[in-house]
Amino acid sequence: MKSSREIMEILEAYDLTGSYRAAAELAGCDHHTVARYVQMRAAGQPPDRRRHRARAIDDFLPKIEELVVRSQGKVRADVIHERIVALGFTGGERTTRRTVAEAKAQFRAGRRRVYRPWVTEPGLWLQYDFGDGPTISGRKTTLFCAWLAWSRFRVVIPIWDKTLPTVAACLDATFRRLGGVPVYRLGGVPVYVLTDNEKTATIDHVAGIAVRNPEIVEVARHYGTTLRTCLPADPESKGGSEATVRIAKADLLPKEVNLREQYHSFGELESACRQFCTDVNTRVHSSTRRRPVERLAEELQRLHPLPKSPFTAVFGTTRRVNWESTISVEGVRYSVPHTLIDTRVWARFHGEELIVTAVDNDGGAVEVARHRRGQPGSPVLDNDHYPPRPDRDAADRVPKPRTAAELAFLQLGQGANSWLVEAAAAGARRIRAKMAEAVDLSKLHSPDAVDRALGTAAMTGRFADRDLISILDYQVTHEHADPVRRSENHTLQPGTAAWSTFGQTPAPASPATTDDESDDA
């Protein structure tokens, strides 16, 4: 088979000479070849098309096509080769593979899904999906990912589960971040929220028709929109949210490609998700060449205003937070953040966990606490729900003046405060009189000197009547005196001379002499 360029040279040579043999001499080929290409061109056939030659496998083509159609183009070539060999085919497996590939290509050509470019409109549509989140403290999380088609605005919220109350809270938070809700427009153009066939959205399929979860229908009706689901096993119908999930997982999950560290708490993951949304919504999108947050400002004109209160019917039963920052559920007290004291929250059980939901300052529903199921008589508390408490003992030992005399004394300084605390702990007598005396002394001496003397008295435990004056006189007298250091030549430490004969045998004592003998001597 000659190349296209060679064929064109042959045809040009024939057009130039008008003779098969002359063109063959110019092109360097046989004149029969020139005649064949010229006849094919005259018949309107592509000159470079291969002529079909009879093959041994041609007799088995109907069977091959049948097997390809039955398997919807998924059957393997080696399986077909075994079938046709059993029917009498004697050729090689390579021939079978080439023929099966041609049959599959023809099968797909007639059944290929053709895509028409989707021209989005403002407010068409909001899509959401779920993706696997990182593992925190041995527990797996989930990422709720929403995507507004026209503006390309993304919302990613981490959650612990995919229950209906959690999904309702995520939808409420998403609508409030967007600033509006997709609704039906004038003229009957449907605008809706599109998602996958999760159990929270679809409870069954009858004759290929998705049966909506009645509770999620109530949620959508509360916000004035409609919930629709994509076709089963057809993620291409909501590719925007699929892409949002893929991008969020690539940036938020700890991987080697992004060098992100493991998350130590759920709050840390929430902060990372908010930062991710800020980054992707404020940078220029590759398709629109504009920032999604800028396009969202234009799209808000096509969105319906939000209801003031979120849909709370699925959040459980209401509870009032008492002054101890706890709620009571089935006789068990559970703690909630102290900022919710005297407010109303919603509590529900999911498995062995109690989930508490509240409405934040922006009107959105957020999960504020999650506890294990407790037993009556044993409150379940979380220390993070309470503000840091000062040292109780230190707080009780801070003097607080209530009279003018007490204020005058404590204003002397920290030494006066320490003296009062220590004197009270030691049970000193006439404390008030001694405090007045110290104030009077501060008028004769400087307040700093009296405060210093009070601090010394507190450290040494001297609370007698004349102790403060004595300490004050001593400090005034020796304020500028050089410190006295003992000489190293003298010491009160006993020496070791008494141990010089330790371990030696003592000498025998001489016999005693009488007075007469000593006189004679």
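Position 1 is the first residue of the sequence, and the numbers go up from there. Small disclaimer: the values here were computed from a predicted structure and weren't measured.
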Measure the spacing between CD of Glu352 and NE2 of His371 and express it to the nearest 0.5 Å.
15.0 Å

Is the count of non-hydrogen atoms from other residues, nucleotides or ligands lying under 6.0 Å from Arg289 atom CZ greater than 12?
no

Is the closest side-chain heavy-atom distance between Pro379 and Thr326 below 4.5 Å?
no

Can a donor-acceptor pair be found, under 3.5 Å and without considering hydrogens, that links the side chain of Arg333 to the backbone of Leu381?
no

Apply side chain to side chain contact (heavy atoms under 4.5 Å, CB included) to the pair Thr456 and Gln475, showing each step before the final yes or no.
CA-CA 10 Å; Thr456 304; Gln475 290 179 349; 2.9 Å; yes

Is the Phe266 ring parallel, tilted or perpendicular to the Trp160 ring (thresholds 30°, 60°)?
parallel

Ion pair present between Arg452 and Asp448, side-chain N to carboxylate O less than 4.0 angstrom?
no

Report yes if some heavy atom in the side chain of Cys145 is under 4.5 Å from a heavy atom in the side chain of Lys249; otherwise report no.
no

Would you indicate whether the side-chain heavy atoms of Val280 and Pro292 approach each other to under 4.5 Å?
no

Check: Asp382 main-chain N/O paired with Ser335 side-chain donor or acceptor under 3.5 Å
yes

How close do Leu300 and Leu178 get, heavy atom to heavy atom, and via which atoms?
CD2-O, 2.8 Å

Mark yes when over 12 heavy atoms from residues, nucleotides or ligands other than Arg432 sit less than 6.0 Å from its CZ; otherwise mark no.
no

Just wondering, more than 12 heavy atoms not from Lys199 lying within 6.0 Å of its NZ?
no

May I ask you to decide if Phe315's main-chain N or O and Thr312's side chain share a donor-acceptor pair within less than 3.5 Å?
no

If you measure from the Lys or Arg side-chain nitrogens to the Asp or Glu carboxylate oxygens, is any gap between Arg139 and Glu353 under 4.0 Å?
yes

Thr229 versus Arg212, side-chain donor and acceptor atoms under 3.5 Å:
yes

State, with a plain yes or no, whether a side-chain heavy atom of Phe409 is found less than 4.5 Å away from one of Thr403.
no

Should the pair Arg97-Glu93 be classified as a salt bridge under the 4.0 Å nitrogen-to-oxygen rule?
yes

Quick one: do Arg290 and Glu298 satisfy salt bridge (Lys or Arg N to Asp or Glu O under 4.0 Å)? Show the steps, please.
CA-CA 12 Å; Arg290 293 181 60 189; Glu298 301 177 14; 2.6 Å; yes

Going through the checks in order, is the side chain to side chain contact (heavy atoms under 4.5 Å, CB included) test met by Thr357 and Arg348?
CA-CA 9 Å; Thr357 307; Arg348 71 182 188 275; 3.4 Å; yes

Does any N or O in the side chain of Tyr223 come within less than 3.5 Å of the main-chain N or O of Phe311, such that one atom is a donor and the other an acceptor?
yes

Quick one: are Thr141 and Pro158 in side-chain contact, heavy atoms under 4.5 Å?
no

Count the heavy atoms of every other residue, nucleotide or ligand shown that sit under 6.0 Å from CZ of Arg370, and state whether that count exceeds 12.
yes

State, with a plain yes or no, whether a side-chain heavy atom of Val314 is found less than 4.5 Å away from one of Trp346.
no

Are there over 12 heavy-atom neighbours, none belonging to Arg260, within less than 6.0 Å of that residue's CZ?
yes

Report the distance from atom OG1 of Thr166 to atom CG of Asp161, rounding to the nearest 0.5 Å.
3.5 Å

So does Arg402 get a backbone contact from the side chain of Glu406, meaning a donor-acceptor N/O pair under 3.5 Å?
yes

Using a strict cut-off of less than 4.0 Å between a Lys/Arg side-chain nitrogen and an Asp/Glu carboxylate oxygen, indicate whether Glu299 and Arg302 qualify as a salt bridge.
no

Report yes or no: does Asp451 contribute a side-chain atom to a donor-acceptor pair with the main-chain N or O of Pro447 at less than 3.5 Å?
no

Nearest heavy-atom pair of Ile341 and Trp323: which atoms, and what distance?
CD1-O, 3.8 Å

Side-chain heavy atoms of Pro165 within contact of Ile355, under 4.5 Å:
no

Worked check of side chain to side chain contact (heavy atoms under 4.5 Å, CB included) between Val245 and Leu143
CA-CA 8 Å; Val245 171; Leu143 299 178; over 6 Å; no

dist Thr244:OG1 -> Arg152:CZ (nearest 0.5 Å) comes out at 10.5 Å

What is the minimum heavy-atom distance between Leu164 and Thr200, and which atoms define it?
N-CG2, 3.7 Å

Do Val68 and Ile80 make a side-chain contact, defined as non-hydrogen atoms from C-beta onward lying under 4.5 Å apart?
yes

Taking atom CG of Leu412 and atom CG of Leu454, what is their separation to the nearest 0.5 Å?
6.5 Å

Pair Phe153, Trp147 - check side chain to side chain contact (heavy atoms under 4.5 Å, CB included), show working.
CA-CA 6 Å; Phe153 193 88; Trp147 181 72; over 6 Å; no

Whether the side chain of Asn281 engages the backbone of Arg154 through a donor-acceptor N/O pair (distance < 3.5 Å, no angle test) should be reported.
yes

Between Thr195 and Tyr128, is there a donor-acceptor pair closer than 3.5 Å when you use the side chain of the first and the backbone of the second?
yes

Please report the closest heavy-atom contact between Ser378 and Val332, naming both atoms and the distance.
O-CG1, 3.8 Å

OH on Tyr263 to OG1 on Thr135, rounded to 0.5 Å
11.5 Å

To check you understand the geometry: which heavy-atom pair defines the closest contact between Leu227 and Ala201, and what is its length?
CD2-CB, 3.8 Å

If you round to the nearest 0.5 Å, how far is CZ of Arg319 from OH of Tyr334?
10.5 Å

For the residue pair Ile157 and Arg177, what are the closest heavy atoms and their distance?
CG1-NH2, 4.1 Å

Does Lys63 use its side chain to pair, donor to acceptor, with the backbone of Ile84 at less than 3.5 Å?
no

Are the side chain of Ser325 and the backbone N or O of Val336 linked by a donor-acceptor pair below 3.5 Å?
yes

Exactly one candidate in Leu441, Ile471, Val439 meets side chain to side chain contact (heavy atoms under 4.5 Å, CB included) with Val450; the answer is Leu441

